[in-house]
Amino acid sequence: MTGSLLAGCSSISDAAGCGPAPSAEVSQADLYGSYSGPHGARLDLTAVGGTSVTFSVESWPKEDGPEILTEDVPTFDGSGIWKLLNRPGEDGKVGLAFSGPDPGARGATVTELLVGKEDGHTVLFARLGDPDVCRTFRLAP
């Protein structure tokens, strides 16, 4: 399933309700797999062994604002190391540390994704731009 979720948030305090329902108590093992997003974006979260967890992206947006939901946004392919950024009991958040291409080639891209649940499935998403206008970059298995 690909696509983005667009919905309205009526105020800044509603921003927490923008996007899928957040998931707390998430482990790395819960997140391994492939996720697809808008316009062919793809994220693969893998385990190399031990504590090393890697990721790769294809058609990943070179920007991190609401414009990434448009079809003509520039993209790149890359890889790196990922980790959970949240503390126990907090809503899940994944951090992506790219190892290539160089920062100039990839631009100011999405490097943090929230972990949510939709219809019983784990989804990853980023809230984009003005919290008064709910726009999310959503990746589903």
Side-chain angles (χ1 to χ4, degrees), residues 1-9 11-141:
M1 171 191 284
T2 62
S4 61
L5 175 69
L6 297 176
C9 294
S11 71
I12 291 175
S13 63
D14 289 340
C18 178
S23 282
E25 303 302 326
V26 176
S27 72
Q28 287 181 332
D30 296 330
L31 301 174
Y32 299 138
S34 297
Y35 299 83
S36 298
H39 315 300
R42 182 179 172 93
L43 170 66
D44 293 311
L45 300 177
T46 57
V48 175
T51 59
S52 295
V53 286
T54 62
F55 73 89
S56 62
V57 296
E58 295 175 10
S59 300
W60 200 251
K62 286 187 177 182
E63 301 173 17
D64 65 354
E67 60 277 356
I68 69 174
L69 300 176
T70 63
E71 288 189 43
D72 58 350
V73 67
T75 63
F76 70 98
D77 297 344
S79 62
I81 304 294
W82 69 276
K83 67 179 180 177
L84 284 173
L85 301 176
N86 55 292
R87 292 186 177 105
E90 293 179 345
D91 292 343
K93 185 186 288 188
V94 173
L96 305 175
F98 285 91
S99 59
D102 70 67
R106 67 176 178 263
T109 189
V110 174
T111 58
E112 289 186 3
L113 296 163
L114 299 170
V115 180
K117 287 282 186 188
E118 243 177 22
D119 300 324
H121 299 285
T122 299
V123 294
L124 304 175
F125 68 101
R127 294 183 181 117
L128 306 172
D130 184 348
D132 288 339
V133 181
C134 181
R135 293 185 190 100
T136 60
F137 176 70
R138 182 181 157 281
L139 300 150

Would you find a donor on one side and an acceptor on the other, under 3.5 Å apart, between the side chain of [X] and the backbone of [Y]?
X	Y	value
S36	A140	no
R127	C18	yes
D130	D132	yes

Which atom names give the shortest non-hydrogen contact between [X] and [Y], and what distance separates them?
X	Y	result
L128	G65	CD1-O, 3.8 Å
G116	S23	C-OG, 3.7 Å
T136	L69	O-CD2, 3.6 Å

Answer yes or no: is there a side-chain heavy-atom contact under 4.5 Å between [X] and [Y]?
X	Y	value
F98	F76	yes
N86	D91	no
T109	K62	no
V57	S79	no
L84	Q28	yes
T46	Y32	no

Worked verdict on R42 versus D44 for salt bridge (Lys or Arg N to Asp or Glu O under 4.0 Å): CA-CA 7 Å; R42 182 179 172 93; D44 293 311; 3.3 Å; yes
In terms of side-chain heavy atoms, does W82 have a donor or acceptor partner in T54 at a distance below 3.5 Å?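 Absent: no donor and acceptor within the cut-off.
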Checking side-chain polar atoms at under 3.5 Å, does T122 have a donor or acceptor matched by the opposite partner on K117?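 There is such a pair between these side chains.
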Any chance you could measure [X], atom [atom1], to [Y], atom [atom2], to the nearest 0.5 Å?
X	Y	atom1	atom2	value
K93	E112	NZ	CD	4.5 Å
S59	D77	OG	CG	6.0 Å
L113	L31	CG	CG	10.0 Å
H39	T70	NE2	OG1	6.0 Å
E118	R138	CD	CZ	4.0 Å

Assert yes or no for the condition that the ring centre distance of W60 to F137 is strictly below 6.0 Å.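 Close enough - the centres of the two rings lie under 6.0 Å apart.
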